[in-house]
2 protein chains.
Amino acid sequence: MTLKTLSSYNPRRSPRQRRSAATVDVILEATIQVLLSTGTSQLTTTRVAERAGVSVGSLYQYFPNKQALFFALNDHYLDHLAGRIEKVCETLQGAPYTQMVQGVISEYINIKTERYDVTCALYRAAAEIDVSDIVESMCRRIEVASEGMLASASDAKFQNLSSLNVTLLNVLFGTVRTFFDRNRPELLNNQLQEQLIIMFCTYLNRAKLP
Amino acid sequence: MTLKTLSSYNPRRSPRQRRSAATVDVILEATIQVLLSTGTSQLTTTRVAERAGVSVGSLYQYFPNKQALFFALNDHYLDHLAGRIEKVCETLQGAPYTQMVQGVISEYINIKTERYDVTCALYRAAAEIDVSDIVESMCRRIEVASEGMLASASDAKFQNLSSLNVTLLNVLFGTVRTFFDRNRPELLNNQLQEQLIIMFCTYLNRAKLP
DNA sequence: ACCTGAACACCGTTCAAGT
DNA sequence: ACCTGAACACCGTTCAAGT
C-alpha cells in the first residue's frame with residue numbers, strides 16, 4: 001500500500017486520536033449493509049450515514065470521499081485474508097507438500113465462500129477504485145508465507161521454487177475469481193478443489209529435485 | 001444472454017430499422033474513447049454524446065441508460081473473443097494436444113493484451129453491470145470449441161475430458177484476469193505462458209487413456 | 001418522424017451555523 | 001472542538017418544443 005494510493009483515500013481524521021474508532025467501524029459496517037441490500041450503484045453516502053446513525057458531514061470527517069469507504073473495506077478484507085493464509089502456512093510448516101497444497105487451496109476457497117455475498121459486494125466495490133497496490137501487498141505476503149512453507153516440505157525439494165510458487169498462487173487467485181465473475185458459486189465445490197489439488201501436485205512433482 | 005438481462009439494457013430503437021447503425025457504432029466508439037481518457041467514474045452520458053457528436057437525447061434513443069453502453073461494449077467484446085478462440089480451435093483440429101494447449105493459451109493472452117488499456121477499461125465497465133449471463137455464454141462457446149478440439153487430438157484420448165476441459169479453461173481465464181487486477185501486465189509474459197502450458201500438459205497427460 | 005437541450009430529480013461534497 | 005444538514009455543483013434521464 002503505497003503513499004500515492006493512500007493520499008486519495010486517506011482518512012481526514014485519524015480515529016486513534018479520539019474514541020471515534022467505533023464511529024469508523026459503524027460507518028464501514030453500514031457500508032457493507034448498504035452494499036448488500038442495494039448494490040454498488042444505489043449506494044449513497046447519505047444512505048450509508050443514515051444507516052450508521054451519523055450525519056453526512058460526520059462521515060466526511062472520517063472518509064474524504066465515497067471511494068475511501070470502498071478502499072477501507074477492501075483494505076481490511078485483504079489484510080484479514082492474508083493473515084489467515086499466513087496462519088495456515090505456519091501450521092503446515094514441515095508437512096508433506098500435498099498436504100500443504102490441499103491446506104492452502106481449501107483455506108483460500110473457504111475464506112472467499114464462507115460469506116459469498118460479502119465477497120461479491122467487495123469485488124464490486126473494488127472495481128470502483130484502484131486496488132492494485134493493496135492487492136499487490138496482499139499477494140506479496142501470501143507469496144512469502146507460501147514459499148517459506150513449501151521450502152520446508154518434509155518430502156521434497158523443488159527446482160525454481162520461487163517461480164513455481166508465484167505461478168501456483170496466481171492460478172489459485174484467478175481461478176477462484178472466475179467463479180465470482182460467472183456468478184456460479186456452486187462450481188467452487190469439492191470437485192474443483194480436488195482438480196486444483198491434483199493439478200498443483202503434479203505440477204510440483206514435475207519440479208521435484210532428486 | 002437471457003431475456004431477463006436483455007430487458008434492462010435493450011436498445012430502445014433497433015438500429016437495423018434505419019441507417020442509424022452507424023450512430024450506434026459512433027456512440028460505442030465514443031464510449032471507449034471517454035473510458036480511456038477519463039475513466040469509468042468520470043464517464044458522463046453528456047460527455048459521450050458530445051464526443052460522438054450527437055445530443056444526449058439521441059443517445060437515449062438508442063441506449064436506455066448509461067449501463068446499456070457498458071453492456072453493449074462487453075457484449076461485442078466477448079463475442080469477438082469467443083469467435084477468435086473458436087477459430088483457433090478449428091484450426092487445431094487433429095493436432096497433437098500439446099500444440100492445442102499452446103495455441104489456445106497464447107491466443108487468449110494475445111487477445112487480452114494486444115490492447116491492454118481497452119481490456120482494462122472493459123473490465124472496469126463490466127463491474128458496473130451484471131455481465132454474468134454474457135460471460136457465461138462466452139464460456140460455453142469456448143468450452144464447446146475446446147472440448148471438440150481436444151477430443152480430436154492426434155496423440156491421445158482423455159478420461160473425463162469434459163471435466164478436464166472446463167477446469168483448464170477456468171484456470172486460464174482466471175489466471176489472466178488476476179494480472180489485470182494486479183495491474184501487472186509485464187507478468188503476462190512468455191515465462192507465464194510457458195508455465196501454464198507445462199501445467200496444462202502435465203495435467204492432461206495424467207488423464208491420458210492407454 | 002426524429003432530434004434537441006433545458007429542466008427535473010438526485011447525489012457527492014462542503015461549510016456556515018449551531019452546540 | 002465537533003457535529004449538523006441545507007445548499008451547491010453536477011449527473012442521469014426525460015419530454016416539450018422544434019424541424
Q: Report the base-pairing partner of dA9(D) (Watson-Crick or G-U wobble, both distances below 3.5 angstrom), or none.
A: none
Give each protein N/O atom lying under 3.5 Å from an N/O atom of nucleotides 8-12 of chain D, with the pair distance.
residue, atom, partner, partner atom, Å
dG12(D), OP1, Leu43(B), O, 3.1
dG12(D), OP1, Lys66(B), NZ, 3.0
dG12(D), OP2, Thr45(B), N, 2.9
dG12(D), OP2, Thr45(B), OG1, 3.2

Q: Could you tell me whether the side chains of Gln193(B) and Ser106(B) share a donor-acceptor contact shorter than 3.5 Å?
A: no
Q: Both distances under 3.5 Å, Watson-Crick or G-U wobble: report the partner of dA17(D), or none.
A: none
Q. Using purine N1 to pyrimidine N3 plus N6-O4 or O6-N4 for Watson-Crick, or N1-O2 and O6-N3 for G-U wobble, each under 3.5 Å, what pairs with dC3(D)?
A. none
**Q.** Atom-to-atom span, CG of Leu59(A) to P of dC3(D) - whole angstrom
**A.** 12 Å
**Q.** Heavy-atom closest contact (Ile27(A) atom, Leu59(A) atom, distance)
**A.** CD1-CA, 4.0 Å
Q. What integer distance in Å separates Glu50(B):CD from dT4(C):P?
A. 13 Å
Q) Does a side-chain N or O from Gln61(A) land closer than 4.0 Å to OP1 or OP2 of dC2(D), or not? A) no
Q: Step by step, work out the side-chain hydrogen bond (donor to acceptor under 3.5 Å, both in side chains) result for Thr175(B) and Asn170(A).
A: CA-CA 6 Å; Thr175(B) 305; Asn170(A) 279 316; over 6 Å; no
Q. Want to settle it: does Ser58(B) or Gly57(A) sit nearer the 5' end of DNA chain C, counting the closest nucleotide to each?
A. Ser58(B)
Q. Between the side chains of Asn110(B) and Arg84(B), is a donor N or O closer than 3.5 angstrom to an acceptor N or O?
A. no
Q | Residue pair Gln195(B) / Gln191(B), side-chain donor-acceptor N/O under 3.5 Å | A | no
Q. Do Tyr123(B) and Lys112(B) get their side chains close enough for a donor-acceptor pair, meaning under 3.5 Å?
A. yes
